Amino acid sequence: MSVPDRIAELRRRIADADRAYYLLDAPTVPDAEYDRWMRELQGLEAAHPALVTPESPTQRVSGRPSAAFAEVRHALPMLSLQNAFTEAEVADFVRRIVEATGEARPAFSVEPKIDGLAVSLRYEDGLLVQGATRGDGARGEDVTANLRTLRSIPLALRMPAGEPPPAVLEVRGEVFMPKAAFERFNAEVIAAGGKPLANPRNGAAGSLRQLDPGITAKRPLAFFAYGIGEVRGFALPATHSALLRALGALGLPLSPEIDVAQGLDGVLAYHGRIAALRDVLPYDIDGVVYKLDRLDLQEKLGFVARAPRWAIAHKFPAQEELTILEGIDVQVGRTGAITPVARLRPVRVGGVTVTNATLHNADQIARLDVRIGDTVVVRRAGDVIPEVARIVPERRPSGPDGQPLQPPFVLPSACPECGSAIERPEGEAVARCSGGLVCPAQRKQALLHFASRRAMDIEGLGERLIEDLVDFGPVRSVADLYTLTLDDLLAMKRRAEARDGVTPETVKQGKIATRWAENLLGGIDQSRNTTLERLLFALGIRDVGEATAKQLARWFGSLDALMAADVEALLAVPDVGPVVSARIAGFFAQPHHRALVERLRSHGVHWPEGPPQRTAEGPLAGRTVVLTGGLSAMGRDEAGAHLEALGAKVAGSVSKKTSLVVAGEAAGSKLAKARELGIEVWEEATLLDFLRRHGRLAGP
DNA sequence: GCTCCTCGAGTTCT
DNA sequence: CTCGAGGAGC
């Protein structure tokens, strides 16, 4: 056998073995044999460098660490999917498809929704030339070198003999870390004294973003294909399921659970079947995906705001786990609100480790009847925030008499931070510390709020620094921030470090260590230049949030006009009723609040003032707009500011009164609601076009 | 007085 | 995101 033939044979055997091992999970050759082939191939290639090709299995690790990842523009955007959490939502989805297509019982290509990260593989003339992350859907990162190290990703498409490869074939799919491989990998890392990966999903994402492909190569990653992007010179079959089979024939790995289901009952049965398999599947999933099978019908249905109308992700209900409630702490908020927080024995729920969960208030504790030591069900609801769903009464620790060891939990009657009485007004759910700004916790929260991005936006002033400023520095009220000197800050730092028993870095390192203090002073200085609405919000008047502050600023135009307004004048402001109006008037009636405002002014805090603006003007006057999802060209705030400048009222939630919804990337429940109510929806491009036409944006 | 809309406030983890 | 409660309209 000639050397080129032998090389070709070895490459084919290795590729087949890779496929069997990673895709079919059924090794066909012993590891030793595989290693022998690989070594032989490496030897032959070393002796005949001219025969080395990029798609040879020896070339998976290119070895050259890239400095950073280049940006890749996807030829066709990588789409997001609508989500459904209930059978009713799926029924709606199927009904819409039935109505739009006239098919009584449409066929769906169905697959598990793998919890990994989406990538796009670009094959040109049959060879893998580029691999990219999803990014924002339009642009991702070039991670070709890293993806090449995945043994389940073919470097070259396996074409049937005599058939030419497609000129371009972009394959979309999911990179993930199989559960068993994740456990094995972490066990090894821990044994070696390293830091384990948090969960398979993050492990996969982190591995792909390694600058050194050599590291990625050591991570047990796998890939499943689920769709395509740009295609040239490749005859598309009639259905999505046939397309997937075709990808499989080209050597691309597919989830073995892929199937075809007919109609609503079919997809729901599939959902049930996969949910039952969830724990035994070798990879993490968070739901299943239904795609209308016929490609011609897919095209007919089209897209809404970057999500196809012909596909939906049917998510599994929030995951629940059992753990032990080790204690209940109480936190004091900016308004004095007392919030009980459950301290939990750390538990992994839906991919993240949960140690805290809010218990909201005393009513919630009573409703749940949680006691320290109880076994509780922790759930990650609404995708993110963990909550204690219920307790497991059978597991409550009890004494020999059968009585619970722990009494029911009662909120303390004195504030843990300042000792002031905790009061709960009749009929209200929240209890509050009565200490006001005497309470250090409230003072710190007030400062944090004042400095926050949406208020005065003081860069460099975070939670940690505020702790020290209040405990060891001269800061008692927000106005004190504007008289701070470098010496104050360094003295404060020394005291804080002395308490912590740290060698004073300020002394040790001299000038370098003053950098943070200079940055903070710079941040404070910049915040002097602000707007009336930011200042009003920053003052932290109860029930005056961003929206109300904006209304007040517009209505009165100047701070003096607002401060001079009585309860009656305030009632005339939109969205201000008796409660809020009394709070505002009450706030400014207090001499120390008036003095605070004067101090801020005299220390250079300033903002533009103007005449009252009590009516909206512009092309969007009278329209209420809601922004949802992520925009790529600008932030949501920025878009909102543009819309307001054109006369729109920008609201936070969708209702009958909403006249327009702008849906960006990964828009969720608000978009769904807008559709349900039949409200006009714009995608980002429409918005940008509109802004351009009204002179809010330059260029095309 | 009832009901629907909004807004405010608080929260978790990476 | 969710809950509670204020505002506004009927």
Side-chain angles (χ1 to χ4, degrees), chain A residues 83 85 195 197-199 201-203 205-206 209 318 329-344 346-365 367 378-389 424-433 441-442 445-446 448-449 452 454-455 463 533 536-552 570-584 624-626 628-629 649-659 666-670 672-673 677 679:
Chain A
N83 286 323
F85 290 94
K195 196 168 164 255
L197 302 173
N199 58 59
R201 209 206 89 81
N202 290 355
R209 298 202 77 261
D329 287 354
V330 293
Q331 283 179 359
V332 184
R334 170 167 68 87
T335 62
I338 299 289
T339 310
V341 178
R343 302 288 172 218
L344 305 167
V347 62
R348 281 260 314 271
V349 187
V352 300
T353 305
V354 173
T355 51
N356 300 322
T358 178
L359 291 167
H360 300 298
N361 52 49
D363 287 346
Q364 175 79 350
I365 292 183
R367 205 175 312 138
V378 178
R379 170 171 69 190
R380 287 218 308 156
D383 248 6
V384 244
I385 296 176
E387 62 180 14
V388 174
R424 183 173 170 193
E426 186 108 13
E428 287 197 12
V430 285
R432 294 195 141 83
C433 159
Q442 288 188 53
Q445 292 295 319
L448 202 56
H449 171 75
S452 67
R454 314 194 70 97
E463 198 169 347
E533 67 177 79
L536 289 175
F537 176 53
L539 287 174
I541 305 166
R542 260 242 261 156
D543 290 329
V544 176
E546 271 186 290
T548 311
K550 184 177 283 174
Q551 286 288 357
L552 292 168
L570 287 162
L571 275 172
V573 182
D575 301 335
V576 174
V579 174
V580 175
S581 134
R583 289 228 206 278
I584 298 167
T624 301
V625 185
V626 173
T628 180
K649 176 170 159 46
V650 178
S653 56
V654 178
S655 72
K656 273 188 296 198
K657 292 186 184 165
T658 310
S659 37
S669 60
K670 289 182 200 171
K673 180 144 189 209
L677 295 171
I679 293 166

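All values derive from a computational prediction rather than experimental measurement. Just so it is clear: chains get the letters A, B, ... in the order the sequence lines come, proteins before strands, and each one is counted from 1.
The side chain of A:Val579 sits closest to C:dG6 out of C:dG6, B:dC7, B:dG10. Here B:dC13 is the nucleotide among B:dC7, B:dC13, B:dG10 with the atom lying nearest to any side-chain atom of A:Thr355. For A:Asp543, whose side chain is taken as the heavy atoms from C-beta onward, the closest listed nucleotide among C:dA8, B:dA9, B:dC13 is B:dA9. When each of B:dG10, B:dC7, B:dT12 is scored by its nearest atom to the side-chain atoms of A:Thr548, the top-ranked nucleotide is B:dC7. For A:Ala651, taking side-chain heavy atoms from C-beta onward, the closest of the listed nucleotides B:dC7, B:dT11, C:dG4 is B:dC7. Checking B:dC7, C:dG6, C:dG4 against every side-chain atom of A:Ala547, the shortest atom distance belongs to B:dC7. For A:Val580, taking side-chain heavy atoms from C-beta onward, the closest of the listed nucleotides B:dT12, C:dG7, B:dA9 is C:dG7.
Dashed line: the shortest gap from a side-chain N or O of A:Thr339 to OP1 or OP2 of B:dT11 is under 4.0 Å. Within the structure, a side-chain polar atom (N or O) of A:Gln331 is placed less than 4.0 Å from OP1 or OP2 of B:dT11.
A:Arg432 contributes a side-chain N or O that, together with a main-chain N or O of A:Thr335, makes up a donor-acceptor pair within less than 3.5 Å.
Residue A:Asn361 contributes atom CG, which lies 6 Å from atom P of C:dG4 at whole-angstrom precision. At whole-Å resolution of the value, CG in A:Asn356 and C1' in B:dG10 are 14 Å apart. Between the CZ atom of A:Arg542 and the C1' atom of B:dC7 there is a distance of 14 Å, given to the nearest Å. As a whole-Å value, the separation of A:Asp575 CG from C:dG6 C1' is 10 Å. Protein atom NE2 of A:His360 is 20 Å distant from nucleotide atom P of B:dG8, rounded to whole Å. A straight line from CZ of A:Arg343 to C1' of B:dT11 spans 12 Å, rounded to a whole angstrom. Distance, A:Leu539 CG to B:dA9 C1': 17 Å, rounded to whole Å. Per the geometry, CD belonging to A:Glu546 stands 17 Å off P belonging to B:dT6, to the nearest Å.
The residue A:Val341 sits close only to the backbone: its heavy atoms come under 4.0 Å of sugar-phosphate atoms, none of a base. Using a 4.0 Å heavy-atom cutoff across all strands shown, A:Lys649 reaches sugar-phosphate atoms only and no base atom.
Taking a cutoff of 4.0 Å between a charged side-chain nitrogen and a carboxylate oxygen, A:Arg424 and A:Asp363 qualify as a salt bridge.
Atom-to-atom distance recorded for A:Ile584:CD1 and A:Thr548:OG1 is 7.5 Å, nearest 0.5 angstrom. The distance from the CZ atom of A:Arg334 to the CZ atom of A:Arg542 is 9.5 Å, given to the nearest 0.5 Å.
Residues A:Leu570 and A:Ser581 share a closest heavy-atom pair of CD1-O, 3.6 Å.
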